[in-house]
Structures are given as structure tokens and as C-alpha cells.
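What follows is a set of notes on a single structure, which appears directly below.
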Amino acid sequence: SIGERSAMTLSQVEQNDPDLKRLHMSENIFWPNDCAELSRFGDAIGRNTNLQSLTIRSPHLADNIHMFADNKTFFEGLKRNASIGGLVFAGWDLSEGPGRETMSEYVVNINDSMTVFGCALGNGGIGVLVSAVTRCPNLNTINLAVCNIDDGMLEEFISGIRGLNQLEILNLSCNIFGQTGCEALLQPCCKIPIAIYVIFISATTSILTTIAQLL
């Protein structure tokens, strides 16, 4: 079962506490073997109208297909919620299994920002992500830092987000794309100019020259 502090948070979500704006869920706190509490969280989140930001940091859940199947009620609640403007997935594997299904089926209508931090996007995962963000047409910020995005993945992503006309910020820091990916960034992503953040752990002169053209 969940601890006392987590139980108090669950109560706040269920009571639609107006002071609870941000919720951070971690596998160490909210993913018990008994899934009843998590189902309660999902139901409460689905009815909550005050939550503005939700972080789901749970590699264990994402890698455990049986646990994921038991916890689908939670994600159905997330899908029903209409107030969450900022969604954060940290440490998920979106290339296969539960993480991929979560992004494909349950992420809709996020109205402000989406962060996919330190997630695996290979094996078609970048396409799943494109589909998810295009279901959220009002996004103004997308953060894809530390996701091992290479040139081909970035080209696919940039091509897929051209309809996001509210987008203002795209963070691509600490990925592995190079010159070709940078050149893809030179093409207009949307109908309005956006700020693109690209921070490399190391970069060649040619990449830095291309990045300079973006500034």
C-alpha cells in the first residue's frame, strides 16, 4: 500500500483541492503491488479540474507489462482529464511495450507543454511521439532533452509537427543528431517562428556553424 504522505496526496486529488496544482508520481511512491490506490488516483485525476501539471516518472511500470495492464485504469483517468496543461514523461521506453501503448492511446489534449525526458524513442517511437503531440494542437512547448534523437529521427519529428501552430519552444538539448538534423531545423517547423534550444555535449565546427544560423 502507499505511504501516509502519498495517501494524503491521493485525498487532495480526490477532493479536487484547489491548492494542488502539480503532481509528481514516482514508482517508488505510487506504484504499489496492490493497484487499488493507483486506480483511485486515475479516477480522481479524471475528475480533477485544478491539476495543471503531472509528472510520471516510472521506468518500472513502463517495463512491466503485467503491472501496466493492471494499471490501465490510471491512464484512462489521465485521458479524461481536461485541466492538465503540462505533462512530463521521464525515463520511459516509448519504443515498445507499455510505454509505447501509453503514448499511443492515452496522451490527448495537453494544452501547454509536453516533456519527454530521457526516454527511448527508437524502433518507431519517434513516430508514436509525433502522433501524440499532434493530438495536442495547443502545445506551446515541447521538451525532448536526452532522448538519443539522431538525424533521421529529428527529420521525422520536424516533418510531423508542422501543424502545431501554437508551438513557441522546442528543446532538443543533449541529443545525438548532427549536421543533417541541424539542417532540418533550418526549415520552418510551423507558421510562426519558434525558439529552438540545442545544447550539445560536444559539437563539430560545422554543427556550430549551422546552429549559428538558427539564432
Side-chain angles (χ1 to χ4, degrees), residues 22-28 52-63 84-100 102-104 107 110 112-136 139-162 164 166-190 192-215:
R22 298 176 181 274
L23 181 61
H24 185 117
M25 304 189 72
S26 165
E27 73 277 8
N28 295 326
Q52 298 176 0
S53 176
L54 174 63
T55 296
I56 306 175
R57 183 178 181 85
S58 183
H60 181 53
L61 175 65
D63 293 338
I84 294 173
L87 181 63
V88 179
F89 279 89
W92 284 69
D93 184 354
L94 305 182
S95 65
E96 60 182 356
R100 189 185 188 105
T102 299
M103 186 64 69
S104 298
V107 176
I110 304 302
D112 184 15
S113 66
M114 186 182 299
T115 294
V116 176
F117 179 85
C119 294
L121 297 174
N123 192 32
I126 195 72
V128 172
L129 177 61
V130 167
S131 296
V133 298
T134 53
R135 292 195 299 271
C136 306
L139 283 175
N140 61 47
T141 300
I142 299 176
N143 178 4
L144 302 179
V146 199
C147 288
N148 286 324
I149 296 173
D150 61 21
D151 287 328
M153 294 162 69
L154 182 55
E155 288 182 293
E156 181 179 353
F157 183 77
I158 293 299
S159 176
I161 66 170
R162 297 191 188 282
L164 295 181
Q166 303 301 315
L167 189 63
E168 298 177 356
I169 298 173
L170 175 61
N171 185 353
L172 295 164
S173 298
C174 300
N175 283 290
I176 60 173
F177 59 87
Q179 182 76 21
T180 301
C182 290
E183 290 171 355
L185 291 175
L186 292 174
Q187 305 302 314
C189 297
C190 309
I192 62 173
I194 68 174
I196 300 176
Y197 295 89
V198 184
I199 302 172
F200 290 95
I201 297 174
S202 62
T204 65
T205 301
S206 60
I207 290 176
L208 291 174
T209 299
T210 306
I211 291 299
Q213 298 177 50
L214 295 171
L215 302 178

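In this chain, numbering begins with 1 at the start of the sequence shown. Hydrogens, waters and symmetry mates are skipped; everything else that's a heavy atom, side chains included, is used.
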- Is the side chain of N148 donor-acceptor paired with the backbone N or O of D150 at a distance under 3.5 Å, no angle test? no

- Message: What's the separation between atom SG in C174 and atom CD1 in I149, rounded to the nearest 0.5 Å?
- Response: 11.5 Å

- Query: Are any non-hydrogen side-chain atoms of M153 and F177 less than 4.5 angstrom apart?
  - Reply: no

- Query: Between atom SG of C182 and atom CD of Q179, what is the distance when rounded to the nearest 0.5 Å?
  - Reply: 6.5 Å

- Please indicate whether R135 has more than 12 foreign heavy atoms, meaning atoms of other residues, nucleotides or ligands, lying under 6.0 Å from its CZ. yes

- Message: Is any side-chain heavy atom of T180 closer than 4.5 Å to one of E155?
- Response: yes

- Message: Among residues at least two apart in sequence or on other chains, which ones pass side chain to side chain contact (heavy atoms under 4.5 Å, CB included) with T141?
- Response: S113, I169

- Measure the CD-CG distance between E183 and D151 for me, rounded to the nearest 0.5 Å. 8.5 Å

- What pairs with F157 under ring-ring contact (aromatic ring centres under 6.0 Å, His included), at least two apart in sequence or on another chain? none

- Item | Taking every non-hydrogen atom, the tightest pair across I56 and W92 | O-NE1, 3.0 Å

- Would a distance-only check, ignoring hydrogens and angles, find a side-chain to backbone donor-acceptor pair under 3.5 Å from N175 to A145? no

- Note on the structure: So CG of N171 and SG of C147: to nearest 0.5 Å the spacing works out to 10.0 Å

Side chains of residues 114-131: which donor-acceptor pairs under 3.5 Å do they make with residues two or more places apart or in other chains?
from : atom 1 : to   : atom 2 : distance (Å)
N123 : ND2    : S95  : O      : 3.3
S131 : OG     : G127 : O      : 3.2

- Task: With side-chain contact (heavy atoms from CB on, under 4.5 Å) as the test, would you mind laying out the steps for M25 and L23 before giving the verdict?
- Result: CA-CA 6 Å; M25 304 189 72; L23 181 61; 3.9 Å; yes

- Task: Go through the steps for L87 and T55 under the test side-chain contact (heavy atoms from CB on, under 4.5 Å), then give the verdict.
- Result: CA-CA 6 Å; L87 181 63; T55 296; over 6 Å; no

- Check V107 against C136 and note the closest heavy-atom contact, atom names and distance. CG1-SG, 4.4 Å

- d(L139 CG, L164 CG) to nearest 0.5 Å is 6.5 Å

- Excluding sequence neighbours, so at least two apart, what forms side-chain hydrogen bond (donor to acceptor under 3.5 Å, both in side chains) with D112? N140

- Task: Could you grab the distance from atom CG of L170 to atom CD1 of I158, nearest 0.5 Å is fine?
- Result: 5.5 Å

- Query: Are V133 and I161 close enough that some pair of their side-chain heavy atoms sits under 4.5 Å apart?
  - Reply: yes

